[in-house]
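Here's the structure, in structure tokens; my notes come after.
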Amino acid sequence: MSENMQGLKRTHYCTEVSKELIGQEVVVTGWVQRRRNLGQLLFITLRDRTGLLQLAFGEQTQEQLFEKAERLRSEFVIVAQGIVRSRGADVNHSMATGDIEIEVTELRILSEAETTPFEIVENSDVKDELRLKYRYLDLRRPDMQHNIILRSKVAGSVRRFLETNGFLEIETPMLTKSTPEGARDYLVPSRVHPENFYALPQSPQIFKQLLMVSGYDRYFQIVKCFRDEDLRADRQPEFTQIDIEMSFVDVEDIISMNEKLIQQVFKETMDMNIELPIQRLTYQEAMDRYGSDKPDVRFGVELVDLTQTLTNCGFAVFENAINGGGTIRAINAKGMGDLGRKQIDALVKYGQDYGAKGVAWLQIKADGTEKSSFTKFLSEEIVSQIKEKMNATGDDLIMIVADKPNVVFATLGALRLEVARRLELTQKSDYKFVWVTDFPLLEYDEEAGRYVAMHHPFTMPKEEDLHLMDSEPSKVRAQAYDLCLNGYELGGGSLRIYQQDIQEKMFQLLGFDKETAYERFGFLLNAFKYGTPPHGGIAFGLDRIVMLMTQSDSIRDVIAFPKVKDASCLMTDAPNVVDVKQLEELHISTIEPKQASEDVE
RNA sequence: GGCCCAGUGGUACAGUUGGUUAGCACGCCGCCCUGUCACGGCGGAGGUCGAGGGUUCGAGUCCCUUCUGGGUCGCCA
């Protein structure tokens with residue numbers, strides 16, 4: 001029979017009880033972490049979100065109370081009243097409250113608990129599947145509580161900084177209009193409008209721009225966004241953005257404001273100092289040096305251009321790549337000079353997952369001898385040129401990819417990261433930020449047979465590239481920027497187009513006629529007719545920021561109730577089948593059950 | 001949609017070239033124990049080895065299919 005708290009009120013969280021309170025009466029609440037019954041003496045470790053506290057039952061304890069304490073089991077919820085006392089010499093140094101305990105005078109069992117499917121301890125090694133099914137228990141674990149609490153602190157720090165700097169927090173709709181550009185939308189059927197659908201926002205992009213038109217000048221929102229795409233360790237179908245927009249600013253204003261934001265958040269929540277200004281790379285530099293637009297700059301192993309050296313060495317693969325508009329680049333994995341053939345082949349295979357047809361390699365062992373996948377095309381002169389360019393001094397594995405630039409960058413960029421993992425070149429506790437700027441405005445979509453916006457259709461081109469919009473659209477750079485940390489994109493943004501003529505040109509390049517553009521974004525284009533300030537902004541992925549802060553491997557570990565790989569929720573079983581009546585109200589016909597068998601044969 | 005990894009009492013793991021009764025730790029239950037804190041001691045319960053099929057005298061182990069979870073490519077303006 002469970003009891004209630006009537007007449008008792010919590011006076012302290014577990015770790016707020018300290019030796020300053022010795023002799024005083026306190027009331028504490030929480031979950032039973034552990035019971036240690038020594039016969040005539042019994043200890044309970046009590047846990048709440050602040051930590052652990054020991055309760056003691058001994059010779060002064062009334063018999064009835066002691067018997068009640070003996071009934072306690074792990075995860076029972078209790079309230080205990082008692083006197084704080086010193087533990088004397090028996091201090092537990094691994095516990096924040098290890099020098100004191102509560103001599104309990106009253107105990108109430110508020111809720112009993114069945115044996116949990118896994119133990120509620122830090123760093124437990126339970127399968128994700130089980131953790132997520134019993135997420136409410138997983139969230140009791142101290143490391144998860146730390147993550148979720150830190151997340152709240154980060155959000156608080158963001159709000160304080162932005163409010164101090166004149167930003168207004170304004171909410172935008174969750175039920176909005178589908179925008180077929182970009183990611184797939186989650187759709188919500190309308191009951192009132194048969195065959196019509198709302199979409200959940202992929203981001204509040206257009207609304208925040210409208211708020212600039214409306215004169216709010218500085219906006220922010222910590223907001224859920226939805227994208228119906230496949231999941232990854234750092235991607236969930238619903239995720240949280242720190243969404244920011246500013247008026248009457250240029251790229252420098254936005255970057256400097258936002259690096260101050262990041263600096264303050266890391267200082268307040270991690271006590272970590274970030275030196276400003278944060279390093280910057282142009283997109284082109286990032287690709288050339290790291291093979292990635294979200295480079296991990298904690299280590300070297302940079303890409304080197306070997307096009308000049310190798311085009312005419314006689315190896316047809318290289319020659320064909322160059323004739324096909326390609327390039328030849330390489331990385332040098334120092335410390336892999338004695339890697340065996342099997343392991344090299346594994347690296348080659350790894351690289352092929354990223355699109356390269358092959359990876360040529362040249363190994364220079366510690367003793368100076370060479371081994372290569374294309375020995376017969378390597379004259380002494382070419383080898384020495386490669387050695388010089390790759391700074392090879394022995395114990396090197398040079399991996400070379402010849403292909404179209406995007407394939408070369410993707411492959412070597414991925415191999416570079418794989419090399420770093422194998423050689424353990426990075427530490428999670430090391431944080432290196434970098435801004436990547438001057439992204440291309442457009443990229444060519446082979447499948448659609450047209451240009452698509454790399455960022456979004458409202459991204460402002462660089463002034464000096466405007467003249468290229470007609471002649472060489474692929475060369476136009478955007479006033480767009482991403483903030484990257486340790487190989488993750490933390491956030492990105494741009495200056496927006498606010499001039500009618502440039503916007504029209506942009507739509508033209510994207511292959512929208514005026515009607516299509518108005519059908520999709522008419523409310524924005526109309527709004528721009530009534531006085532639009534120059535504006536721009538950025539959006540940060542809150543989940544990723546906290547993931548990196550907590551050194552987690554997945555954003556699942558910093559989201560209270562995340563979804564699994566197929567976007568379902570193991571705890572609630574969402575998504576689920578709904579009542580036929582609900583469907584009828586929404587004018588959705590029920591799905592016919594699939595014909596059993598036959599369709600294969 | 002493709003590729004890769006994993007699945008063995010409640011949990012985490014071990015299980016040899018296929019061989020008799022599937023092993024260990026933690027947890028759980030009971031008894032004992034006055035300073036424990038990963039308490040200790042003694043005893044006990046708990047498994048259709050993810051599922052289905054196949055090979056075999058015999059399958060946790062080999063093969064096929066499938067389910068579940070994870071990673072990743074595609075995808076993610």
Side-chain angles (χ1 to χ4, degrees), chain A residues 33-46 52-61 66 73-75 85-95 97-99 101 103 114-134 137 179-185 202-203 205-206 225-237 239 346 349-355 410-411 414 417-418 439 441-443 445-448 451-459 478 480 489 492 494 506 510 520-521 541 553-554 556 563-566 568 570:
Chain A
Q33 179 72 33
R34 243 190 172 91
R35 174 201 43 165
R36 288 181 293 277
N37 188 347
L38 280 67
Q40 298 299 307
L41 190 61
L42 187 149
F43 300 101
I44 294 295
T45 307
L46 186 69
L52 304 172
L53 175 65
Q54 177 162 288
L55 310 180
F57 301 81
E59 48 198 20
Q60 294 99 325
T61 308
F66 196 92
R73 293 292 182 275
S74 288
E75 302 308 314
R85 72 178 175 204
S86 168
R87 292 207 210 172
D90 300 319
V91 173
N92 181 350
H93 295 283
S94 64
M95 220 168 138
T97 57
D99 54 347
E101 64 189 5
E103 185 197 335
E114 292 180 17
T115 303
T116 52
F118 50 85
E119 288 179 73
I120 310 302
V121 291
E122 191 147 13
N123 304 320
S124 79
D125 209 3
V126 181
K127 287 184 189 67
D128 286 9
E129 201 177 340
L130 201 66
R131 288 177 57 193
L132 291 172
K133 185 174 175 191
Y134 298 95
L137 297 179
T179 51
E181 284 286 289
R184 290 187 193 90
D185 289 316
Q202 297 176 24
S203 95
Q205 183 60 38
I206 291 173
C225 300
F226 304 86
R227 293 180 189 172
D228 185 6
E229 297 291 347
D230 286 351
L231 280 72
R232 289 286 186 282
D234 64 346
R235 268 167 33 193
Q236 282 273 311
F239 59 100
K349 193 160 171 287
Y350 185 86
Q352 286 172 328
D353 288 343
Y354 294 84
T411 306
L417 295 177
E418 181 63 13
F439 275 77
L441 184 69
L442 304 160
E443 60 186 338
D445 183 340
E446 302 278 350
E447 207 176 301
Y451 284 105
V452 295
M454 190 140 180
H455 191 48
H456 58 62
F458 316 108
T459 303
E489 181 194 328
S494 66
M506 182 71 176
L510 295 174
R520 290 185 185 174
F521 310 113
D553 292 322
S554 166
R556 280 194 306 272
K563 306 232 175 347
V564 296
K565 195 183 159 98
D566 68 354
S568 59
L570 295 180

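In this text, all values refer to a predicted model and were calculated from it rather than measured experimentally. Below, chain A is the first sequence line, B the second, and so on; all start at residue 1. Only heavy atoms go into these numbers, but all of them, side chains included; no hydrogens, no water, no symmetry mates.
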Nearest-Å distance once atom C1' is located in both B:rC24 and B:rC13: 8 Å

Taking N or O atoms only and anything under 3.5 Å, show me the protein contacts with nucleotides 44-47 of chain B, one pair per line.
none

Which pairs, protein N/O on one side and nucleotides 68-71 of chain B N/O on the other, fall under 3.5 Å?
from, atom 1, to, atom 2, distance (Å)
B:rU68, O2', A:Glu129, OE1, 3.2
B:rU68, O2', A:Glu129, OE2, 2.3
B:rG69, O4', A:Glu129, OE1, 3.3
B:rG70, OP1, A:Lys565, N, 3.3
B:rG70, OP2, A:Lys565, N, 3.1
B:rG70, O3', A:Arg556, NH2, 3.2
B:rG71, OP1, A:Arg556, NH1, 3.3
B:rG71, OP1, A:Arg556, NH2, 3.3
B:rG71, N7, A:Lys565, NZ, 3.0
B:rG71, O6, A:Lys565, NZ, 3.0

Rounded to whole angstroms, how far apart are CE on A:Met95 and P on B:rC37? 13 Å

Is the base of B:rC37 touched by the side chain of A:Arg87 through a donor-acceptor pair closer than 3.5 angstrom? yes

About how many Å separate CG of A:Asp99 and CG of A:Asp90, when rounded to the nearest 0.5 Å? 12.0 Å

With rounding to whole Å, what would you report as the distance between B:rG54 and B:rU20 at their P atoms? 23 Å

So, do A:Leu130 and A:Phe118 sit near enough that their side-chain heavy atoms are less than 4.5 Å apart? yes

May I ask you to say what A:Asp353 touches in the nucleic acid, namely base, sugar-phosphate or nothing, with a heavy-atom cut-off under 4.0 Å? sugar-phosphate

Do the side chains of A:Arg87 and A:Asn92 get nearer than 4.5 Å, heavy atoms only? yes

Partner of B:rC3 by Watson-Crick or G-U wobble geometry, both contacts under 3.5 Å, or none? B:rG71

Could you identify the nucleotide paired to B:rC62, looking across every strand shown and requiring Watson-Crick or G-U wobble geometry with both distances under 3.5 Å? B:rG54

I'd like to know if the side chain of A:Glu101 and the backbone of A:Arg85 have a donor-acceptor N/O pair within less than 3.5 Å. no

Please tell me if the side chains of A:Leu570 and A:Arg131 come closer than 4.5 Å, counting only heavy atoms from C-beta onward. no

Inter-nucleotide C1' distance (B:rG46, B:rG10), Å rounded: 9 Å

Can you check the distance between B:rG23 and B:rA45, where both ends of the measurement are the P atom (answer in whole Å)? 13 Å

Can a donor-acceptor pair be found, under 3.5 Å and without considering hydrogens, that links the side chain of A:Gln236 to the backbone of A:Arg556? no

To the nearest angstrom, the CD-C1' distance between A:Glu418 and B:rU72 comes to 11 Å

Measuring only the C1' atom in each nucleotide, how far is B:rC4 from B:rU21? A whole number of Å is fine. 38 Å

Would you say the side chains of A:Arg36 and A:Thr45 form a donor-acceptor pair under 3.5 Å? yes

Any A:Gln202 side-chain heavy atom under 4.5 Å of A:Asp185 side chain: yes

Determine whether a donor-acceptor pair (one donor, one acceptor, N or O, separation below 3.5 Å) exists between the side chain of A:Arg227 and the base of B:rC76. no

Please figure out whether A:Met454 or A:Glu101 has its closest RNA chain B nucleotide nearer the 5' end. A:Glu101

Work out how far the C1' atom of B:rC63 is from that of B:rG70, and round it to whole angstrom. 25 Å

Within-4.5 Å side-chain heavy-atom neighbours: A:Leu442 and A:Met506: yes

Looking for any heavy atom pair under 4.0 Å, which part of the strands does A:Thr459 touch: base, sugar-phosphate only, or nothing? nothing

Do A:Glu119 and A:Ser74 come close enough that some side-chain heavy atom pair is under 4.5 Å? no

Quick one: label A:Asp228 by what it contacts on the DNA or RNA (base, sugar-phosphate, nothing), any heavy atom closer than 4.0 Å. nothing

Between residues 52-61 of chain A and RNA chain B, which residues have a heavy-atom gap below 4.0 Å? A:Gln54, A:Glu59

Using heavy atoms to find the nearest nucleotide of RNA chain B for A:Val126 and A:Gln202 separately, return the residue whose nucleotide is more 5′. A:Val126

Give one of base, sugar-phosphate or nothing for A:Leu130, where a contact means two heavy atoms less than 4.0 Å apart. sugar-phosphate

The side chain of A:Asp230 lies closest to which of these nucleotides: B:rU36, B:rG10, B:rC75? B:rC75

Mind calculating the distance between OH (A:Tyr354) and P (B:rU72) to the nearest angstrom? 8 Å

Tell me, please, which residues at least two apart from A:Gln40 pass side chain to side chain donor-acceptor pair (under 3.5 Å). none

In the 5'-to-3' direction, what one-character label does each nucleotide of nucleotides 22-31 of chain B receive under the scheme B = base within less than 4.0 Å of a protein heavy atom, S = sugar-phosphate only, - = no such atom? ----SSSSS-

Quick one: look up who B:rA12 pairs with, Watson-Crick or G-U, both distances under 3.5 Å, and put none if it's unpaired. none

Step through the shown structure and confirm whether more than 12 heavy atoms of other residues, nucleotides or ligands are within 6.0 Å of CD on A:Glu122. yes

Using Watson-Crick or G-U wobble geometry with both distances below 3.5 Å, tell me the partner of B:rC42, or none. B:rG30

Main-chain N/O of A:Leu441 paired with A:Thr459 side-chain donor or acceptor, under 3.5 Å: no

Can you tell me, in whole Å, how much space there is between the P of B:rA51 and that of B:rU8? 10 Å

Ring pair (Phe, Tyr, Trp, His ring centres under 6.0 Å) involving A:Tyr354 - partner list, sequence neighbours excluded: A:Tyr350

So is the aromatic ring of A:Phe43 stacked onto the base of B:rU36, judging by whether the centres are under 5.5 Å apart and the planes are under 30° apart? yes

For the pair made of CD in A:Gln352 and P in B:rC3, what is the distance, rounded to whole Å? 16 Å

Are any of the side-chain heavy atoms of A:Val121 and A:Gln33 separated by less than 4.5 Å? yes

P atoms of B:rU56 and B:rU16, separation to the nearest Å: 23 Å

Side-chain donor or acceptor of A:Arg184 under 3.5 Å from a matching atom on the base of B:rG74? no

Using modelled atom types and a 3.5 Å cut-off, is there a donor and acceptor pairing between side-chain atoms of A:Arg235 and backbone atoms of A:Asp230? yes

Suppose we call a contact any N or O donor and acceptor under 3.5 Å apart; does that hold for the side chain of A:Arg36 and the base of B:rC33? no

